[in-house]
Q: 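Please see the structure below; I have some questions.
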Amino acid sequence: MRRLAILVLITLALLPLRWFTIVSTPLGTLFLHEVGLLLFSMLAVVTIAPKIKALALERTAFLTSVIAAGFAVWGAASLFNSVSLAAELKQCFYLGSFVLVVAAFLCFAESEDQSAMRLLRWAGVLTTCTLLAALELALTINHVNALHVLTTAATSGDPSVIEAQLFRPAFAGFGISDSQAVSQLRHEVFAGLLVSLLVASWAQQRLPFHGRGARWLSQSAVVVASLLVVVSLSRSVQLAALSWPLLAGFRVALVGRVTRRQLVALALTGLVFVGVIASGLAGVIVQRITQDSTSYNERGAKLNAALDSIRQYPWTGGHYDDTISSHNFVIDAWLRGGVVMAGLMLAALLFVVWRFAGNVSVFARSPAWLVPVTAAFTLPLVRMFTIGAGLLTPPEWVCLAFAMAGTVVYYREAAAGRATPVEARQHGGGIDAGSLVAR
C-alpha cells in the first residue's frame with residue numbers, strides 16, 4: 001500500500017511537467033507527465049487487489065463503457081477514413097489508467113493502514129515545489145526574467161505579454177521546438193497543480209496534520225500554488241480553482257457552522273486576493289477575461305469551421321483537424337467519429353454533470369472532505385467545454401478519477417452510517433455562522 005501511495009505521489013508531482021519530452025514513439029511523443037502515469041499503471045495492475053479493481057470498474061461502469069464505446073466508434077471511423085489510430089490508442093491508455101486511479105484511491109480510503117493517507121497529505125507541497133523547480137530551470141536555461149515580464153504585464157495590463165514572453169519561451173527546448181512551444185501548454189501544467197491541491201485537501205481532512213509546522217507548509221503551498229494559477233492566465237483552470245472556495249462557502253451556509261480550518265482557508269483566500277490586487281495582476285486578469293477579443297474570435301472561427309465540416313460529414317466523421325478544433329468535447333468527437341461518437345460523449349458529459357450535482361445536493365449532511373472531491377469534477381467539466389482538440393489530457397483524467405473515487409467512498413460510508421458532517425460531531429469545535437456574521 002505504501003509503495004503504491006509513493007508512486008501516486010510521484011505521479012501527481014510529475015503531472016504538471018507537460019513540456020518535458022522523453023521519447024518519440026509510434027503512438028506519438030511521450031512526455032514526462034505521462035511516464036509517471038505509465039509507471040503507476042504498471043504497478044497498479046499487479047498491486048491492487050482484484051476485488052478493488054472490480055469495484056472500481058463496477059462503480060465507473062457507465063462512464064467507462066460509454067467512453068470506451070465512443071473510442072471504438074472513433075477507431076472504426078479512422079480506419080474507414082484511413083486516419084492513424086495513434087490518438088485513439090493513447091486515449092485508451094488514459095481510460096485504463098483512469099480506472100486504476102479510481103481503484104487506488106478506493107484502496108487508500110478504505111484501508112486500515114493510514115500510511116498512504118499520510119503521504120497523500122503532502123501532494124500539494126510536493127507538486128508545488130516540483131513545478132517551481134521545473135519552471136525555474138526552464139526560465140534560467142531560456143534566459144527569461146519572470147519578474148520583469150510580470151512587471152511589464154501588470155504595468156501595461158496586457159495578458160499577451162505573459163503568454164508570449166514568459167510561458168512560450170519557457171516551454172521551448174526540452175524536446176519541444178520554438179514553434180511547438182505554444183503558451184497553451186500552461187493549461188495542462190496548472191491543471192496538474194490543481195489536482196494535487198485537491199487530493200492533498202481531501203487527505204488532510206480525512207487525516208488532519210497535528211504538527212504546526214506541517215500545517216504551515218501545507219498552507220504556504222496553497223498560497224503559492226494559488227498565485228501560480230493566477231499568473232497562468234488559464235481561464236479554464238482559474239474557473240475550476242474558483243469553484244473550490246465557492247463550493248466550500250455554499251456548504252458552510254447549508255451546515256450553518258464554520259470550523260477553524262475553514263476560517264484559515266478563508267484567510268488564505270483573502271491573502272491571495274490581496275496579493276493579486278497589490279501586484280497589479282488583477283487588471284491583467286480582467287483584461288484577459290473581458291476584453292481579450294483575439295482569443296474569443298479565434299475560437300469562434302474554429303467553431304464555425306468545425307460545424308461546417310460536420311454538415312459535410314455528419315455520419316462517419318473522420319475529418320478532424322487541429323485548425324478547426326471547436327475546443328469542445330462533444331463537437332470535436334463528432335468531427336472524429338460522427339454522430340454516434342458525439343452522442344456517446346454527450347452521455348459521458350451529462351453523467352459527470354449528474355455526479356457533480358448529486359454531490360452538491362448532499363452537502364448539508366456530508367463531511368467537509370466531500371468539498372474537494374466535488375470541486376474535482378469541475379476541472380474536467382470546464383475543460384470539456386474549452387479544451388483544444390476536445391480530448392481530455394492526463395490532469396483531467398486523474399482529477400476525474402479522484403472525483404469518482406471520492407464520491408464512491410462517500411456513498412459507501414454514508415450507507416454504513418460513517419459519513420456525517422465533521423461540524424456535527426465536534427460539539428463546539430466549530431463556530432456558528434450566524435453568530436460570526438452578527439459579530
Side-chain angles (χ1 to χ4, degrees), residues 124 187 190-202 204-205 218-219 221-277 281-282 285-286 288-290 349 352-387 395-396 399-400 402-404 406-407 410 421-423 430-434 436-437:
H187 299 305
F190 294 99
L193 177 61
L194 179 58
V195 176
S196 288
L197 295 178
L198 291 165
V199 171
S201 176
W202 172 73
Q204 289 170 28
Q205 292 190 55
S218 176
Q219 292 162 4
V222 170
V223 172
V224 173
S226 300
L227 291 173
L228 287 173
V229 170
V230 169
V231 171
S232 75
L233 295 184
S234 171
R235 288 165 293 196
S236 56
V237 177
Q238 289 173 344
L239 181 59
L242 183 61
S243 72
W244 188 1
L246 291 177
L247 287 170
F250 178 66
R251 181 184 174 278
V252 166
L254 291 177
V255 174
R257 296 181 69 81
V258 184
T259 65
R260 292 183 180 88
R261 179 186 179 89
Q262 289 162 346
L263 288 175
V264 170
L266 179 62
L268 293 178
T269 302
L271 181 62
V272 172
F273 181 76
V274 170
V276 171
I277 297 295
L281 289 173
I285 297 172
V286 172
R288 174 68 173 167
I289 295 174
T290 62
L349 171 60
V352 177
V353 172
W354 175 64
R355 296 309 299 169
F356 169 77
N359 281 7
V360 174
S361 70
V362 298
F363 268 4
R365 58 182 185 276
S366 68
W369 58 257
L370 191 63
V371 171
V373 168
T374 306
F377 278 114
T378 63
L379 177 63
L381 278 174
V382 170
R383 296 298 282 153
M384 282 177 177
F385 289 99
T386 62
I387 196 165
E396 289 87 36
C399 199
L400 182 58
F402 163 65
M404 289 295 297
T407 300
Y410 166 72
V422 173
E423 295 87 340
I431 300 172
D432 183 82
L436 185 67
V437 172

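Everything quoted here is computed from the prediction, not taken from an experiment. Here, residue 1 is the first one in the sequence, and each next residue gets the next number. Values below: all heavy atoms of this structure, side chains included; hydrogens, waters and symmetry mates excluded.
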Q: Taking side chain to side chain contact (heavy atoms under 4.5 Å, CB included) as the test, write out the residues that go with A240, two or more places apart.
A: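 For A240, the residues satisfying side chain to side chain contact (heavy atoms under 4.5 Å, CB included) (neighbours in sequence not counted) are L194, T378, L379.
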
Q: Regarding S201 and Q205, do their side chains bring together a donor and an acceptor under 3.5 Å, going by distance alone?
A: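 Yes, side-chain donor-acceptor contact under 3.5 Å.
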
Q: Which distance, rounded to the nearest 0.5 Å, do you find between the CD of Q238 and the NE2 of H187?
A: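 Those atoms lie 10.0 Å apart.
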
Q: My understanding is that only residues two or more places apart in sequence, or in another chain, count here; which of them pass side chain to side chain contact (heavy atoms under 4.5 Å, CB included) with V352?
A: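 Only L63, F377, L381, M384, L400 meet the side chain to side chain contact (heavy atoms under 4.5 Å, CB included) criterion with V352.
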
Q: Find out whether F402 and L198 are in side-chain contact, i.e. whether some heavy atom of one side chain is under 4.5 Å from a heavy atom of the other.
A: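 They are in contact (side-chain heavy atoms under 4.5 Å apart), so the answer is yes.
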
Q: Show the nearest heavy-atom pair for residues A376 and P380, with the distance to one decimal.
A: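 So the two residues come closest at O-CD, 3.0 Å.
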
Q: Among residues at least two apart in sequence or on other chains, which ones pass side chain to side chain contact (heavy atoms under 4.5 Å, CB included) with Q204?
A: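 Q204 satisfies side chain to side chain contact (heavy atoms under 4.5 Å, CB included) with R121, A200, F209, S218, R261 once adjacent residues are dropped.
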
Q: To the nearest 0.5 Å, what is the distance between OG on S361 and CG on L254?
A: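 Here the rounded value is 10.5 Å.
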
Q: Would you name the heavy atoms of L197 and A225 that are closest together and state the gap between them?
A: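 L197 and A225 have their closest heavy atoms at CD1-CB, 3.5 Å.
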
Q: Among residues two or more places apart or on two chains, list those pairs meeting salt bridge (charged side-chain N to carboxylate O under 4.0 Å, His left out) that have a residue in residues 373-385.
A: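 Only R383-E396 qualify under salt bridge (charged side-chain N to carboxylate O under 4.0 Å, His left out).
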
Q: List for me each residue that meets side-chain hydrogen bond (donor to acceptor under 3.5 Å, both in side chains) alongside S232, sequence neighbours excluded, and say none if there are none.
A: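 Checked S232 against side-chain hydrogen bond (donor to acceptor under 3.5 Å, both in side chains); zero matches.
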
Q: Given the rule in the side chain to side chain contact (heavy atoms under 4.5 Å, CB included) test, do F190 and V231 qualify, once you have shown the distances and angles that lead to the verdict?
A: CA-CA 10 Å; F190 294 99; V231 171; over 6 Å; no

Q: In chain order, what residues pass the side chain to side chain contact (heavy atoms under 4.5 Å, CB included) check against L370, with sequence neighbours excluded?
A: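 L370 satisfies side chain to side chain contact (heavy atoms under 4.5 Å, CB included) with N359, V362, F363, S366, V373, T374, Y410 only.
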
